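None of these values were measured; they are calculated from a predicted model.
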Amino acid sequence: PHASFGEYYRTQLKHGVEGAKIVNDFDFSGTDVNQETVVAAIAEHDLAVTDTEKPCVMLVRDADKLALLRNAVAFFDDRRKRENLTTPAPVSPLVKDDFLAGGLVLNKHLATMSDEILRTLAWITDISYPATRQLIRNEHLMEGLEEQLRTVAGEINPEIQLRINELMQT
């Protein structure tokens, strides 16, 4: 069985290795595709350390983030309704610091749903290819997450809002 988006969020599943096992069973004979390169790219794409010398890894990583971003707004909206979250849950100080520092938000700092949304917004800093960024802009994925953050947090800290605005321009 494959993990759902929600399970990924709850467990932080290292899904690259599992995905590589599945793809390794495909029959690539008769194609121009280098199976070893594809399997390695999938296996390595969710590791913490990225290697820009491996464009296939970076491409799979971008595709993965794009797929997650496309599902994130609905996921957070459904979760908020299912858990009946009506009391504002502000962004935690450590998550705010991570986000404002300009990189990814550390999973160990997550304490609230607002933190999880902000972590997801920060993923734009981990996108390698301009075409992926353009798709994110065209599909207004950042704006959807920003609205979810506003709904869950009650209000967005001005420093965080400024950083979100900057990220939307990248």
Derivation of the side chain to side chain contact (heavy atoms under 4.5 Å, CB included) call for V38 and V23
CA-CA 8 Å; V38 171; V23 173; 4.0 Å; yes

Residues which pass salt bridge (charged side-chain N to carboxylate O under 4.0 Å, His left out) with R70, listed by chain and number, not counting sequence neighbours
E139

What closest approach, in Å, do D126 and K65 show between heavy atoms, and which atom pair accounts for it?
OD2-NZ, 3.3 Å

Residues passing the salt bridge (charged side-chain N to carboxylate O under 4.0 Å, His left out) test with E83, sequence neighbours excluded, are R79

Side-chain donor or acceptor of N84 paired with backbone N/O of R80 under 3.5 Å:
no

Under a 3.5 Å threshold, yes or no: a donor from one side chain and an acceptor from the other, between Q161 and N165?
yes

Flag yes if I42 and I22 sit in one hydrophobic cluster, no otherwise; membership is Ile, Leu, Val, Met, Phe, Trp, Tyr, and two members link when side-chain heavy atoms are under 4.5 Å apart.
yes

N/O donor-acceptor pair under 3.5 Å between D115 side chain and V95 backbone:
no

How long is the gap from CG on L121 to CE on M168, to the nearest 0.5 Å?
7.0 Å

Any side-chain heavy atom of V105 within less than 4.5 Å of one from L110?
yes

Where do D98 and H109 come nearest, in terms of heavy atoms and distance?
OD2-ND1, 2.7 Å

Checking S92 side chain against L94 main chain: does a donor-acceptor pair fall under 3.5 Å?
no

In the single-linkage hydrophobic clustering (I, L, V, M, F, W, Y; side-chain heavy atoms under 4.5 Å), do L104 and I164 co-cluster?
yes

Rounded at 0.5 Å granularity, tell me how far CD in E143 sits from CZ in R137.
10.0 Å

Residues in salt bridge (charged side-chain N to carboxylate O under 4.0 Å, His left out) with K81, at least two apart?
D77

If you look at every heavy atom in L145 and A72, which pair is closest and at what distance?
CD2-CB, 3.8 Å

For F76 and M113, the nearest pair of non-hydrogen atoms, with its separation, is O-CE, 2.9 Å

From T120 atom OG1 to F75 atom CZ, the distance as rounded to the nearest 0.5 Å:
8.5 Å

Applying salt bridge (charged side-chain N to carboxylate O under 4.0 Å, His left out), can you list everything that pairs with E147, at least two apart in sequence or on another chain?
R150

What is the distance from atom CG of D97 to atom CD of E159, rounded to the nearest 0.5 Å?
9.0 Å

Could you tell me whether a side-chain N or O of Q35 sits under 3.5 Å from a main-chain N or O of N24, the two making a donor and an acceptor?
yes

Let me confirm one number: the CD1-CD distance from I160 to E155, rounded to the nearest 0.5 Å.
10.5 Å

Mind checking side-chain contact (heavy atoms from CB on, under 4.5 Å) for D62 and listing every partner two or more places apart, or none if nothing turns up?
I127, S128, Y129, T132

Are L68 and L106 joined in one hydrophobic group, where the rule is that I, L, V, M, F, W and Y side chains link up if heavy atoms are under 4.5 Å apart?
no

Kindly compute the distance separating CH2 (W123) from CG (D64), expressed to the nearest 0.5 Å.
8.0 Å

Is L167 reachable from L162 through a run of I, L, V, M, F, W or Y residues, each pair having side-chain heavy atoms under 4.5 Å apart?
no

Going through the checks in order, is the side chain to side chain contact (heavy atoms under 4.5 Å, CB included) test met by L66 and L141?
CA-CA 9 Å; L66 182 60; L141 301 176; 4.0 Å; yes

Passes side chain to side chain contact (heavy atoms under 4.5 Å, CB included), S114 versus L149? Steps please.
CA-CA 6 Å; S114 294; L149 180 61; 3.8 Å; yes

Does either side chain, that of Q134 or that of N138, offer a donor lying less than 3.5 Å from an acceptor on the other one?
yes

Name all residues meeting the side-chain contact (heavy atoms from CB on, under 4.5 Å) criterion together with A43; count only those two or more places apart in sequence or in a different chain, and write none if there are none.
A20

Of all the heavy-atom pairs spanning G102 and T125, show the shortest one and how long it is.
O-CG2, 3.4 Å

